[in-house]
There are 2 protein chains.
Amino acid sequence: MKDFTYNGRIYYSPVELTMAFIGGTWKMPILLVLRKGKLRYGELKNNIPHITDKMLYSQLRELEKKGMIERKVYKEKPPRVDYFLTPLGKRSIKVIDTLNKFGEHLMVVNGLMVNNRKRPQN
Amino acid sequence: MKDFTYNGRIYYSPVELTMAFIGGTWKMPILLVLRKGKLRYGELKNNIPHITDKMLYSQLRELEKKGMIERKVYKEKPPRVDYFLTPLGKRSIKVIDTLNKFGEHLMVVNGLMVNNRKRPQN
DNA sequence: CTGTATCCTAAGGGATACTG
DNA sequence: CAGTATCCCTTAGGATACAG
């Protein structure tokens, strides 16, 4: 048995734990964007297409709790908040890069092409 | 825009595609077990603790459709079926190993210990 | 021993509206 | 600008029963 418990839940393999930290639809895209360095909320939003406020905030909070990112609040107005990677977060980037590479390979294998912006069909 | 479509669904990054192939609770454990070589259904079941028949079968079917594993049926009785990795599946092992390593690191960082079998508390 | 089908619940995630 | 809350729906995944 290699079971272990984290936050009251049972995990059966380290892989599962990894997915608890960086899994889901949005955590990886967020982490990847933050590799650029400190970013404030609006910048994050602009760099992650299609994400909703709810998802961005909830995922930021989770990543924070798990020690992947940090938040720095500036006492200014209008309010300013920066998000940036912790050492653990930076470490995860390498893992995500691996997943990204494999994904690109899958695209080739399956003959997938990036959606080109359709020209007006006149 | 780096969007692309696969099986009628829109993906926004290669990472998402990767997760479609090896994501979920059980696909990675299954692939990892198959690194040992050909295995029949019963052997798979025995080597993946806590998995239910429904999940094992459904995930095997999905992995097959995606070209990660193959099925070989022997005309015997009782029936015998072998499952084994395709080249693509073998390639995924390296990725999963990366995730596994990171998970082990997370366990250390979070001070998680493997659940020891409790001794009878007499 | 291999393989499906049905029922049901918990959780992830989208849309939308609202506040300091 | 940054940050929450509520409603709702889809889906992964568990339990169980059944079939060649």
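The structure presented is a predicted model; accordingly, all values stated were derived computationally and were not measured.
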note = Side-chain atoms of B:Asp53 come closest, of C:dG14, C:dT4, D:dC1, to C:dT4
Integer-rounded Å distance: D:dA12 C1' and A:Glu16 CD = 13 Å
Rounded distance (Å) that lies between atom P of D:dA15 and atom CG of B:Leu56 = 15 Å
note = Rounded to whole Å, the CG-P distance (A:Leu44 to D:dA2) equals 9 Å
key: Worked verdict on A:Tyr83 versus A:Lys38 for side chain to side chain contact (heavy atoms under 4.5 Å, CB included)   = CA-CA 6 Å; A:Tyr83 294 88; A:Lys38 275 199 249 216; over 6 Å; no
ask   = With no hydrogens and no angle check, is any side-chain donor or acceptor of A:Thr86 less than 3.5 Å from a backbone partner on A:Met68?
value = yes
remark   = Comparing A:Pro79 with A:Lys27, nearest DNA chain C nucleotide closer to 5' gives the residue A:Lys27
query = Which listed nucleotide (C:dG3, C:dG14, D:dC1) is nearest to the side chain of B:Tyr83?
reply = C:dG3
inquiry  = Please determine whether a side-chain nitrogen or oxygen atom of A:Arg71 lies at a distance below 4.0 Å from atom OP1 or OP2 of D:dA2.
reply    = no
query = Of the nucleotides C:dC1, C:dG13, C:dG14, which has the atom closest to the A:Thr52 side chain?
reply = C:dG14
N-O pairing of B:Arg9 and B:Glu16 below 4.0 Å = yes
message = Under 4.0 Å, counting only non-hydrogen atoms across every strand here, what does A:Tyr74 touch: a base, just sugar-phosphate, or nothing?
response = nothing
message = Within the 4.0 Å heavy-atom criterion, would you say A:Lys77 contacts the bases, only the backbone, or no part of the nucleic acid?
response = nothing
message = Rounding to an integer number of Å, can you tell me how far B:Glu62 CD sits from D:dG13 C1'?
response = 11 Å
key: Separation of atom CE in B:Met19 from atom P in D:dA12, rounded to whole Å   = 13 Å
message = Between A:Tyr57 and A:Tyr41 (judged by ring centroids, cut-off 6.0 Å), do the two rings come close enough to count as a pair?
response = yes
inquiry  = Both A:Pro78 and B:Trp26 contact DNA chain D. Which one's nearest nucleotide lies toward the 5' end?
reply    = A:Pro78
remark   = Against the side chain of A:Tyr57, the closest entry in D:dT4, C:dG3, D:dT16 is D:dT4
query = For A:Asn110 and B:Lys66, does a side-chain donor sit closer than 3.5 Å to a side-chain acceptor?
reply = no
key: Residues touching DNA chain C, which here means a heavy atom under 4.0 Å, drawn from residues 31-41 of chain B   = B:Arg40, B:Tyr41
remark   = Which of D:dG13, C:dG13, C:dT4 is nearest the side chain of B:Arg61? It is C:dT4
key: Pair B:Tyr11-B:Asp3, side-chain donor/acceptor within less than 3.5 Å   = no
query = For A:Lys45 and D:dA2, what is the distance between atoms NZ and P respectively, to the nearest whole Å?
reply = 10 Å
message = In whole Å, I'd like the distance from the CZ atom of B:Arg80 to the P atom of D:dG20.
response = 24 Å
inquiry  = Between B:Thr98 and A:Val95 (side chain of the first, backbone of the second, donor and acceptor by atom type, cut-off under 3.5 Å), is there such a pair?
reply    = no
query = Do A:Glu64 and A:Arg61 sit within salt-bridge range, that is, some charged N less than 4.0 Å from a carboxylate O?
reply = yes
remark   = Against the side chain of B:Lys54, the closest entry in C:dA15, C:dT4, D:dA15 is D:dA15
task = Using atom NZ of B:Lys75 as one end and atom C1' of C:dC1 as the other, report the distance to the nearest whole Å.
result = 15 Å
